[in-house]
Amino acid sequence: MRYTQYLLPTLKETPADAEVISHQLMMRAGMIRKVAAGIYSYMPFGLRSIRKMEQIIREEMDRAGAIECLMPMANPAELWQESGRWEKYGKELLRFKDRKETDFCMGPTHEEVITDIVRNTVKSYKQLPLNLYQIQTKFRDEIRPRFGLMRGREFIMKDAYSFDLDDEGADAAYSKMYQAYRNIFQRCGLNFRAVEADTGAIGGSFSHEFMVLAASGEDAIVSCDTCEYAANVEKAELLYRESKTPPATAELQKVDTPGQKTIEDVAAFLKVEPRQLVKTLIIQTSEDEVLAVLLRGDRELNEIKLTNLLNVDWVLMAEDDVVKQTTGAPTGFAGPIGLKVRVIADSEVQEMADFVVGGNAVDVHYLGANLDRDFAVGRFADIRQAVGGDSCPRCADGKFESWRGIEVGHVFKLGTKYSEAMNATVLDDQGKARPLVMGCYGIGVGRTVAAAIEQNHDEYGMALPMPLAPFQVLVSMVNPKDDAIREASEQLYRQLLDLGVEVLLDDRDERPGIKFKDADLIGIPLRVTVGSRNLKEGRVELKVRAGGEMLLLSVAEAAQVVRQMVDDALLFIVK
RNA sequence: CGGAGCGUAGCGCAGCCUGGUAGCGCACCUGGUUUGGGACCAGGGUGUCGGAGGUUCGAAUCCUCUCGCUCCGACCA
């Protein structure tokens, strides 16, 4: 491709509304343009990366035995009413009517449509296992789209659905997908973790999220430094240590703590560490219960763990007036001593003695509080948020490391939720109808490309890994008005095309500075510079965008060397 | 949806408080010089000042309503 015949509108300045690096760089490098909130056009240069991502997905899905199909964006309400999600999905589901006033929605995911297809076409266990996938544009009317392609309303997603006769089959399908996902993200050259995830509202049996590690990630994850265990902090289990409470050595002592409400305030005021405090959170549940939750002062409550423990729909921090009613004091002074409500403590609290707690009265705390002697705890459980440094629950001496992650993929064992709701059954070898056991598997295509940029950039621009880069090599003719330069560049360009290398020839009549700045910005992995400085000796300069290595090559050998380097870069990542 | 903020040229912004000719930088077009890290000279045009209503002799500026967008919280690929 010749630059002068291409559309690659680079921006010198960062658009004001782009917050994260990938969004900024994709805008500046002319990969995407915004059409409306969370809705983008893929410009030619960006689309090339998207297509490469799709192709990698396609190859690995096919290799794992999945079959590609394509379902419609417009879904009839009928199917969604059948699964019950027409009512449940909420405003994220973009609904509309056709000219006959029939209800439709834009598909945010396709369990309904695929289940409908399968129930109508698959009748026998002999047709199983089956795994169908598509790469398609989804629409979710997100409350708050942001970060460019990272969280759009309209976005390209690969979604796959597996159908099996029984749980064992479904588990096998799941692990195939798990492995396919590992291959996909590995081939993209991404640094990622597959983490155990909460199954949330869908309620399936298990689930993994694939997280690309990046500082801008919206999810917090932990991974063991010794074994394979990794999990979203929402889910991360903590080692339950059966431990004896140490003996009390201090007297319970009431102290004035005027105006000291937060853990930090109280700790500083009393000249103790936050870990010597026990904080008391007053919690309300969906079952209308009010209870107290105890955590070591420096720890955070994991609301999902608590929700699961209590087997309720939701929990939340109590409103100020409920706190006042329960403890007799305004928020900030709650403590377990003398409380009338149920008390649940994080297991870690069991190991504490002589700690500080709130006094259930304005400006009052207790020093030297102790379990049993001063108050009773109904139950100890793992209810706190995992953090870096915590012990791994799966191996003897591993410790957690903490990361920020971007969720690029999710594999989910669905079970029979949809097949039962929509009556999708097959006959087994006994001639008996059995509901299909399903799994679903998603990858955010644009989000993965964005995540790759988050992970591969520097102050000058992006440096996408070879497998995702829009072009493999940029040939930059420093001065197109110089005949020798032009001829050498054209020759090299043709040779590269003949060798099947994806090459962009910068044949613009621009000053070298502009060409080099643009080259760094758009970050094509290899750059060949043809300029008078080296051409005098019959040489061109080959520069690697990501590492910065540079070598001088003769004009004659350059194309072959580039071909080889491209192959190496693609192979290295496949391993 | 709750809170905060922004809409002025393709992009980045000033002007608004205190009403009176719509501006700056970049980009763009023409000509010339220049050609290894975002050049220089000369010339050029670019706008429903987000929209609607109101106040006023006069509104980008003041008032009301509206639409759009961005950021912070609960959802998710």
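Source: prediction; values computed, not measured. Just so it is clear: chains get the letters A, B, ... in the order the sequence lines come, proteins before strands, and each one is counted from 1.
If you check B:U46 for Watson-Crick or wobble pairing at under 3.5 angstrom, you find it has no partner at all. Nucleotide B:C6 has B:G68 as its partner under the Watson-Crick or G-U criteria, with both atom distances under 3.5 Å. Partner assigned to B:G38 is none, using Watson-Crick or G-U wobble distances below 3.5 angstrom. Taking a pair to require two hydrogen-bonding distances under 3.5 Å in either a Watson-Crick or a G-U wobble arrangement, B:C75 remains unpaired. The partner of B:A27 is absent, by the rule that a Watson-Crick or G-U pair needs both atom distances under 3.5 Å. Remark: B:C62 base-pairs with B:G54. Criterion, Watson-Crick or G-U wobble with two distances under 3.5 Å.
Of the candidates B:G37, B:G36, B:C11, the closest approach to any side-chain atom of A:Lys543 belongs to B:G37. Each of B:C76, B:G37, B:G12 was ranked by its minimum atom distance to the side chain of A:Pro15; first place goes to B:G12. Distances from the side chain of A:Ala36 to the nucleotides B:G36, B:G12, B:C69 place B:C69 closest. Of the candidate nucleotides B:C69, B:A77, B:G37, B:A77 has the atom nearest to the side chain of A:His410. Each of B:G12, B:A74, B:G36 was ranked by its minimum atom distance to the side chain of A:Ile143; first place goes to B:A74. The side chain of A:Asp520 has B:G37 as its nearest neighbour among B:C76, B:G38, B:G37.
Following rounding to the nearest Å, A:Arg151 (CZ) and B:A74 (P) show an atom-to-atom distance of 11 Å. The NE2-C1' distance, from A:His23 to B:C11, rounds to 14 Å in whole Å. The CZ atom of A:Arg33 sits 18 Å away from the P atom of B:C69 (whole-angstrom rounding). The CG-P distance, from A:Asp141 to B:C76, rounds to 15 Å in whole Å. Atom C1' of nucleotide B:G73 and atom CD of A:Glu218 are separated by 12 Å, given to the nearest angstrom. Rounding to whole angstrom units, CD of residue A:Glu19 and C1' of B:C72 are separated by 10 Å. A straight line from NZ of A:Lys12 to C1' of B:C13 spans 16 Å, rounded to a whole angstrom. Put simply, CG on A:Asp509 is 12 Å from P on B:G31, counting in whole angstrom units.
With P as the reference atom, B:C40 and B:U61 are 37 Å apart, rounded to whole Å. For the P atoms, the distance from B:U8 to B:C49 is 11 Å, rounded to whole Å. B:C63 sits 49 Å from B:G31 when the P atoms are compared, rounded to a whole Å. Between B:C69 and B:C57, the distance separating the two C1' atoms is 36 Å to the nearest Å. On the P atoms, B:C71 is 14 Å away from B:C13, given to the nearest whole Å. B:U56 sits 23 Å from B:G50 when the C1' atoms are compared, rounded to a whole Å. Across B:A60 and B:A4, the matching C1' atoms stand 24 Å from one another, rounded to whole Å. Nucleotides B:C17 and B:A59 place their P atoms 14 Å apart, quoted to the nearest Å.
Contact annotation: A:Arg511 side-chain N/O to B:A39 OP1/OP2 distance is under 4.0 Å. Listed pair A:Lys138 / B:A77 fails the phosphate criterion, with no side-chain N or O lying under 4.0 Å from OP1 or OP2. Taking side-chain N and O atoms only, A:Arg146 has a distance below 4.0 Å to OP1 or OP2 of B:G73. For B:U70, the OP1/OP2 oxygens have a side-chain nitrogen or oxygen of A:Lys34 closer than 4.0 Å.
Residue side chain A:Glu510 does not reach the base of B:G38 through any donor-acceptor N/O pair under 3.5 Å, judged by distance alone. Taking only distance into account, the side chain of A:Glu13 meets the base of B:G25 through a donor-acceptor pair shorter than 3.5 Å. With hydrogens and angles ignored, no donor-acceptor pair under 3.5 angstrom links the side chain of A:Arg144 to the base of B:C75. Between the side chain of A:Arg527 and the base of B:G36, no donor-acceptor pair under 3.5 Å is found.
Using a 4.0 Å heavy-atom criterion, one finds that A:Asp482 contacts no nucleic acid atom at all. Within 4.0 Å of A:Asn479, counting heavy atoms only, lies at least one base atom of the nucleic acid. Counting non-hydrogen atoms under 4.0 angstrom, A:Arg486 reaches nothing in the nucleic acid. A:Thr14 comes within 4.0 angstrom of sugar-phosphate atoms only, judged by non-hydrogen atoms across all strands, and of no base. Contacts of A:Val478 with the nucleic acid, taken as non-hydrogen atoms under 4.0 Å apart, include base atoms. Counting any heavy atom pair closer than 4.0 Å across all strands shown, A:Glu209 reaches no nucleic acid atom. Here A:Ile514 lies in heavy-atom contact (under 4.0 Å) with a base. Contact annotation for A:Gly513: backbone-only contact, meaning every heavy-atom pair under 4.0 Å involves sugar-phosphate atoms and none involves a base. A:Asp219 comes within 4.0 angstrom of a base, heavy atoms only. Note on A:Gly409: only backbone sugar-phosphate atoms sit closer than 4.0 angstrom, heavy atoms only; bases stay farther off. If you check every strand for non-hydrogen atoms under 4.0 Å, A:Asp159 touches nothing. The residue A:Arg28 sits close to a base: some heavy atom pair falls under 4.0 Å.
Ion pairing between A:Lys417 and A:Glu111 fails under the 4.0 Å rule for side-chain N and carboxylate O. Note on A:Glu60 versus A:Lys158: no salt bridge recorded, every NZ/NE/NH1/NH2 to OD/OE distance being 4.0 Å or above. Salt-bridge annotation for A:Lys91 and A:Asp141: absent, with no side-chain N of the basic residue lying under 4.0 Å from a carboxylate O of the acidic one. Residues A:Glu490 and A:Arg2 are paired through a salt bridge, judged by an N-O separation under 4.0 Å between the basic side chain and the carboxylate.
With its ring centre under 5.5 Å from that of the base six-membered ring and a plane angle below 30°, A:Phe155 counts as stacked on B:A77.
Mapped onto RNA chain B by nearest heavy atom, A:Arg153 and A:Phe210 fall at different nucleotides, with A:Arg153 at the one closer to the 5' end. For the pair A:Glu142 and A:Met550, both in contact range of RNA chain B, the more 5′-proximal nearest nucleotide belongs to A:Met550.
Side-chain atoms of A:Tyr133 and A:Asp62 include a donor-acceptor pair closer than 3.5 Å. There is a side-chain donor-acceptor pair under 3.5 Å between A:Arg85 and A:Tyr418.
For A:Arg48 and A:Phe471, the positive end sits near the middle of the six-membered ring, less than 6.0 Å away and at most 45° from its axis.
A:Phe185 and A:Tyr181 have perpendicular rings, their planes meeting at more than 60° on a 0 to 90° scale where under 30° would count as parallel. Between A:Phe192 and A:Phe210, the angle of the ring planes lies from 30° to 60°, which puts this pair in the tilted group.
The 12-atom threshold is exceeded at CZ of A:Phe96, counting heavy atoms of other residues, nucleotides or ligands nearer than 6.0 Å.
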